[in-house]
Participant: 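The structure follows.
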Amino acid sequence: MSWAMFVQHLLNGLTLGSLYALIAIGYTMIYGILRLINFAHSEIFMLGAYSVFWGVTLIHLPWPIAVTLGILAVAALGVLVDRVAYRPLRDAPRSSALISAIGVSFFLQNLAIVVFSAIPREVYRPTWLETVILVGDVRVLPLTLLVPVLSFLLMLGLIYIVYKTKAGLGMRAISKDIETSYTMGVPVNRIIALTFGIGSALAAASGIMWALRYPQLQPIMGIIPGFKAFIAAVVGGIGSIQGAVIGGLGLGLVEIMAVATFPELAGYRDALAFVLLIGILLIKPTGLMGVKLEDKL
Amino acid sequence: MMERKLKIISNIMATAVLAMFLWWAQTNLGAYHTQILNLIAVNIILALSLNLIYGFTGMFSLGHAGFMAIGAYTCSILIMTPAQKEMLFILQKAYPWVQEAGAPFVVAVVAGGLIAALVGLVVGAPLLRLGDDYLGIATLGFAEIIRVLANNIPRITNGALGFKGIPGYANIWWNFGWCLFALYFIVRIVNSNFGNTLMAIRDDEPAAKAMGINIFRYKLLSFTIGSFFAGIGGALLASLVSTIDPKMFLFTLTFNVLMIVVCGGLGSLTGSVLASIAITILLEWLRFVENPIFIGDFELKGIPGMRMVVFSLALLFIILFRREGLMGMREFRWEWLLGLFRKRGEVK
């Protein structure tokens, strides 16, 4: 592999990885707070991609407005999902909440099939994003540079919210101990709603960038990235935002690099994430950055 | 407590009634309705096996589709004739041992179950050390790896093309026979001391450990038995639908089984049976929303996807308003039925 090729793969891996990381953050935040695998998250991601398609192609909104509206709408949907499907089940057995999550996921996915039809849609991309820039021997799409930078900024914003604001303090408190947070006057339900809003907004942002990178929209497009992002969150140590970012970037890089180095493995690409997951869980049962939860006696 | 003898008689009578019903169904129902009955039987087997793993032992496993795929492929390879395989493997020739393999249907189904159980044993040994959701996501990964493997070893599985025209030996008698066997076997397990141990592990693992139970061994055994029946279910399903390919064993398949188990009630075998019947019928019945509807001369076009929208809404309603599932952790018992009659009559 030549030097230029290597840099190119590295950038591609970084792009894919930061998209995974943005989705993984939503999974990890919600799991950290509610101990719930939010299966609907991959559908939120998919709807984020569709929202922009709708705004730009069907209503002819300018890009910035379409993106803002799309992210806001999808964030609101995330909050709604929590209110309708998860909040009534806070004190229920965890299996019920899990089935509820699967139900919401099925519902949104099939609703998308009904509304948008199962035919893949092409996304219109601004031309300046598609003009190849030559840096030395490395051919770069502006998009491959833009996606990691934007993702990085979004993550910085998130880390600011979680570690420097009062709402973020609430989130961290709830993820440590939800019962005690209630008694300490943390507005638990509002904070959880906010978490769903932020997680969904990040997933929507990821969905929009995904649609620009791989411009084919399908109602089932969220499943595979969603699962891989969840794996990234688990590998990184679920509940930890840094872990989700490291897991997402790592997974994206490994996937791209493995296929680039061993092209004959291309057919196994979707299994690679799972092999990695099982391998890491066997060595570190709570992920790379995870904390061991002791059995309570 | 009811007398043991009376219970046995009731069970035999219920089996006889089922047999009579199947006899009637065989002659009077069309192919479509028979197919639904068959699907119910297979779903019951699958739901019971997952309930043993998740509901009774408390291991959150999402690997069912993988075990089903193993059972389905094993069984199909064994029951298809060499000539059929010659026709199927067009892109790449099958390995000679795949080409020559053949066995009667019973042997093929048992082989499917056994190989699934073997894989369950091998995979379970490292994975069952993981807790809760980690186990769930790792088993999901296992199922996905099996699916990708099936896609990439064309000389055994015929790759993405899959198998077509698998002989439909799985008639109503085979399916319900296996279904009754699974029910009997798992009921016996759950009511035995072994079952008590499993439930002790589910309810409080550290306490069970402190009582000197070898947790790992019991978990692994339960997981292996569960994967055996998942393999059986997959084998029957393959012969029932006659076409299999890797796409069929996506995680949606696992979710379907999981949904049945949770809707029926985790830790309730009769709940699983009832939910299998209800959900299979509901899913088939809902097909009407995707068919065109005629109002006079006006045709409302069927909307693709509508069926699953309605279904997922129904599922959400069940889980939001009856969170423990249909039966909770209770079981249907003959005493309960008898009690119902007593209330109406005189109290003895």
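In what follows, every chain begins at residue 1, and chains take the letters A, B, ... in the order their sequences are listed. Since this is a predicted model, take the numbers as computed values, not measurements.
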Participant: Any idea which heavy atoms bring Ile278(A) and Gly141(B) closest together, and the distance?
Facilitator: CD1-C, 4.4 Å
Participant: Ignoring hydrogens, what is the shortest heavy-atom contact between Ile319(B) and Ser96(A)? Give both atom names and the distance.
Facilitator: CG1-O, 3.6 Å
Participant: Given side chain to side chain contact (heavy atoms under 4.5 Å, CB included), test Ile223(A) with Phe251(B) step by step and report yes or no.
Facilitator: CA-CA 10 Å; Ile223(A) 300 179; Phe251(B) 19 70; 3.1 Å; yes
Participant: Leu149(B) vs Tyr268(A), test: side chain to side chain contact (heavy atoms under 4.5 Å, CB included). Steps then yes/no.
Facilitator: CA-CA 8 Å; Leu149(B) 267 182; Tyr268(A) 291 95; 3.9 Å; yes
Participant: I'd like to verify something: which residue of Val115(A), Leu108(A), Leu277(A), Leu272(A) has the highest number of heavy-atom pairs under 4.5 Å with chain B?
Facilitator: Leu277(A)
Participant: At a heavy-atom separation under 4.5 Å, does Leu130(B) approach chain A through its side chain, its backbone, both, or neither?
Facilitator: side chain
Participant: Show the numbers, then the answer: is there a ring-ring contact (aromatic ring centres under 6.0 Å, His included) between Phe107(A) and Phe311(B)?
Facilitator: CA-CA 8 Å; Phe107(A) 173 69; Phe311(B) 176 68; over 10 Å; no
Participant: For Ile113(A) and Met308(B), run side chain to side chain contact (heavy atoms under 4.5 Å, CB included): C-alpha distance rounded to whole Å, both residues' side-chain angles, the deciding distance at 0.1 Å, then the answer.
Facilitator: CA-CA 10 Å; Ile113(A) 293 180; Met308(B) 288 307 285; over 6 Å; no
Participant: What part of Arg94(A) lies closer than 4.5 angstrom to a heavy atom of chain B: side chain, backbone, both or neither?
Facilitator: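 It is the side chain, since no backbone atom gets that close.
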Participant: Of the backbone (N, CA, C, O) and the side chain (C-beta and beyond), which part of Asn151(B) lies under 4.5 Å from a heavy atom of chain A, both, or neither?
Facilitator: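 Neither part, no heavy atoms under 4.5 Å.
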Participant: If I measure from the heavy atoms of chain B, does Ile37(A) come under 4.5 Å with its side chain, its backbone, both, or neither?
Facilitator: side chain
Participant: How about Phe317(B): does its CZ atom have over 12 heavy atoms from other parts shown lying under 6.0 Å from it?
Facilitator: no
Participant: How long is the gap from CZ on Phe106(A) to CG on Leu316(B), to the nearest 0.5 Å?
Facilitator: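 Between Phe106(A) CZ and Leu316(B) CG, I get 11.0 Å after rounding to 0.5 Å.
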Participant: Should we count CD of Glu179(A) as having more than 12 external heavy atoms under 6.0 Å?
Facilitator: no
